[in-house]
Asker: 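Sharing a structure, written as structure tokens. Questions coming.
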Amino acid sequence: MNERALVGEASVPRLVRGTRLQFDKHRDQWIVQAPERLFVLDPIALEIVQRCDGIASVTAIVDELAAKFNAPRELVLRDVNSMLQDFADKGVMSL
Amino acid sequence: MNQVSPPLAMLAELTHRCPLQCPYCSNPLNLERASQELTTAEWTRAIDEAAAMGVLQIHFSGGEPTARPDLEDLVRHAHDGGLYTNLITAGVLLDERRIARLVEAGLDHVQLSFQDSEPGGGDRIGGFKGGHAKKIEVARLIRAADLPLTLNLVVHRQNLHHLDELIAMGLELDAHRIEIAHVQYYGWAFRNRAALMPTRAQLDAATATVTAARERLKGRVVIDYVVPDYYARRPKSCMGGWGRQFLNISPAGKVLPCHAAESVTTLSYDSVRQRPLADIWLNSEAFNRFRGTDWMPEPCRSCDRREIDWGGCRCQAFAILGDAAATDPACGLSPHHEDLVRIAETDAASEAPPFEYRRIGAR
């Protein structure tokens, strides 16, 4: 197995095989399903995870979110980095 | 009455048949026979009912679920119904073709058990000659099929000395997750308790090993850890609370709040053959008996952890005290906690008796 992956602007994140983003209509929330785990996404997390398609880089995701929400880029970068690193450490996201 | 939310996960025990005979098997002592098992159509209906209620994850388990030839049909049905599908298997009946069919059916994830890190211990504990080598082969096939893999490692006094090797095996087999679970003492494990119970020193060493491994392997593999609660200060939040998040369907269709619930012989459980699943979940006597906090005795009732650990485990209270409504004796606040610790210490200090292997008709 590889070394721990650390998120950077060049990272190209995507949900790993065996996880799934889906809308839980019974509870009216977005979730990521993983083995014996369930991550409930808040609106910000959802905006990030939806863009993790294995094509877009962190740079592109951050640019897009900063523009969409008219927010300072460094603030968005910090949020994106911390969320992606957390998901990567939990084995949910590849970088 | 507390508001009842729908369950998040369902354990589908497709069969109690299994080629292995692990002495800590979570199945009940009275194993159900093949002739009693739900048919494919009965299972697909139960899966539909579960999905309609809001169940998100289905775990196909047993016994050995791959002993059912319709496993891939049930996986496909659950997958098409939007459920996250997980297979909990001993692996020894799997081959490359069957794995390919399961992948094609939409299987999301596999949990594969190992009994030890080497064939001698593995085959002896599982009671199945050649099992360990076969599991290694199957783990590689699972990863070759690009299925995500969790290794399920049940640990106890007869394999804890291999904990480092077990973790290394998980890395070697490219597992994404390693679940290290100390034996929980119900059913078969309760019967084999003296052969399985670690000393407190063994437990502490194991916990230190796991803590160090988690730090060392952060971001590479996820390690989950379940402690043996005889030595605990507070009880486990068993199933996240009785009838709160989880239900189990037995091979014959009995709907249970947890896989060990049949050990509470003072309760009777409804079957999906007789009653809709949602009705059982919401309205059955067994599910409502220990739901929420209204049933709690002191010291649980006024405890600030009552909605954290939900009074601990009903099966354990029944097994130790003969009263399923008592505070779990694993809790340090239970008047019987010291008795539980003494039981554990006595068992752990004894010479380990021979295993009484899990098998149909062994009672």
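Atom set for the values below is all heavy atoms of this structure, side chains included, hydrogens, waters and symmetry mates excluded. Per chain, numbering begins at 1; letters A, B, ... match sequence-line order.
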Asker: Quick one: CZ on A:Arg4 to NZ on B:Lys218, what's the gap to the nearest 0.5 Å?
Answerer: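 Rounded to the nearest 0.5 Å, the CZ-NZ separation comes to 5.0 Å.
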Asker: Under a 4.5 Å heavy-atom cut-off, does chain A meet the side chain of B:Asp146, its backbone, both or neither?
Answerer: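 Both backbone and side chain.
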Asker: Hey, what do you get for OG1 (A:Thr19) to NE2 (B:His176), rounding to the nearest 0.5 Å?
Answerer: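 Those atoms lie 10.0 Å apart.
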Asker: Any side-chain donor-acceptor pair under 3.5 Å between A:Glu36 and B:Gln57?
Answerer: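 No, because no side-chain N or O of A:Glu36 sits under 3.5 Å from a partner of the opposite role on B:Gln57.
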Asker: Which residue out of A:Arg37, A:Lys25, A:Gln85, A:Lys90 racks up the most heavy-atom pairs below 4.5 Å with chain B?
Answerer: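 Option with the greatest count: A:Arg37.
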Asker: Restricting to non-hydrogen atoms, name the atom on A:Gly18 and the atom on B:Pro148 that form the minimum distance, rounded to 0.1 Å.
Answerer: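 Taking every non-hydrogen atom into account, CA-CG, 3.4 Å.
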Asker: Please look at B:Leu8 and chain A and tell me whether the side chain, the backbone, both or neither of the residue comes under 4.5 angstrom of a heavy atom of that chain.
Answerer: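 Contact with chain A: backbone and side chain both.
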Asker: Where on B:Ile88 is there a heavy atom nearer than 4.5 Å to chain A: the side chain, the backbone, both, or neither?
Answerer: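 Neither part.
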Asker: Does B:Arg177 reach the side chain of A:Pro35, with side-chain heavy atoms less than 4.5 Å apart?
Answerer: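 When only atoms from C-beta onward are counted, A:Pro35 and B:Arg177 do touch, with a gap below 4.5 Å.
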Asker: Which value, rounded to the nearest 0.5 Å, describes the distance between A:Leu38 atom CG and B:Tyr84 atom OH?
Answerer: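 Taking CG in A:Leu38 and OH in B:Tyr84, the distance rounds to 10.5 Å.
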Asker: Is atom CZ of A:Arg14 surrounded by more than 12 heavy atoms (other residues, nucleotides or ligands) closer than 6.0 Å?
Answerer: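 For A:Arg14, atom CZ is not crowded (no more than 12 foreign heavy atoms under 6.0 Å).
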Asker: Please answer whether the main-chain N or O of B:Asp108 pairs with a side-chain N or O of A:Arg20 as donor and acceptor at a distance below 3.5 Å.
Answerer: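 No: the side chain of A:Arg20 does not pair with the backbone of B:Asp108.
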Asker: Identify the two heavy atoms, one from A:Asp24 and one from B:Leu56, that lie closest to each other, and give their separation to 0.1 Å.
Answerer: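 Between these two residues, the closest heavy atoms are OD2-CD1, 3.7 Å.
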Asker: For B:Leu147, is it the side chain, the backbone, both, or neither that has a heavy atom closer than 4.5 Å to a heavy atom of chain A?
Answerer: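 Both backbone and side chain.
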Asker: Measure B:Glu172 against the heavy atoms of chain A and call it side chain, backbone, both or neither at under 4.5 Å.
Answerer: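 When you check distances to chain A, no heavy atom of B:Glu172 falls under 4.5 Å.
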Asker: Counting heavy atoms not belonging to B:Ile308, are there more than 12 under 6.0 Å from its CD1?
Answerer: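 Count over threshold, so yes.
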Asker: If you count heavy-atom pairs under 4.5 Å with chain A, which of B:Gly54, B:Ala9, B:Pro6 comes out on top?
Answerer: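 Maximum pair count with chain A is reached by B:Gly54.
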Asker: Please classify the contact between A:Ile31 and chain B as side chain, backbone, both or neither, with a heavy-atom cut-off of under 4.5 Å.
Answerer: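 For A:Ile31, the contact with chain B is made by the side chain alone.
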Asker: When you look at CD of A:Gln22, are more than 12 heavy atoms from neighbouring residues, nucleotides or ligands closer to it than 6.0 Å?
Answerer: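 Yes, the 6.0 Å shell around CD holds more than 12 heavy atoms from other groups.
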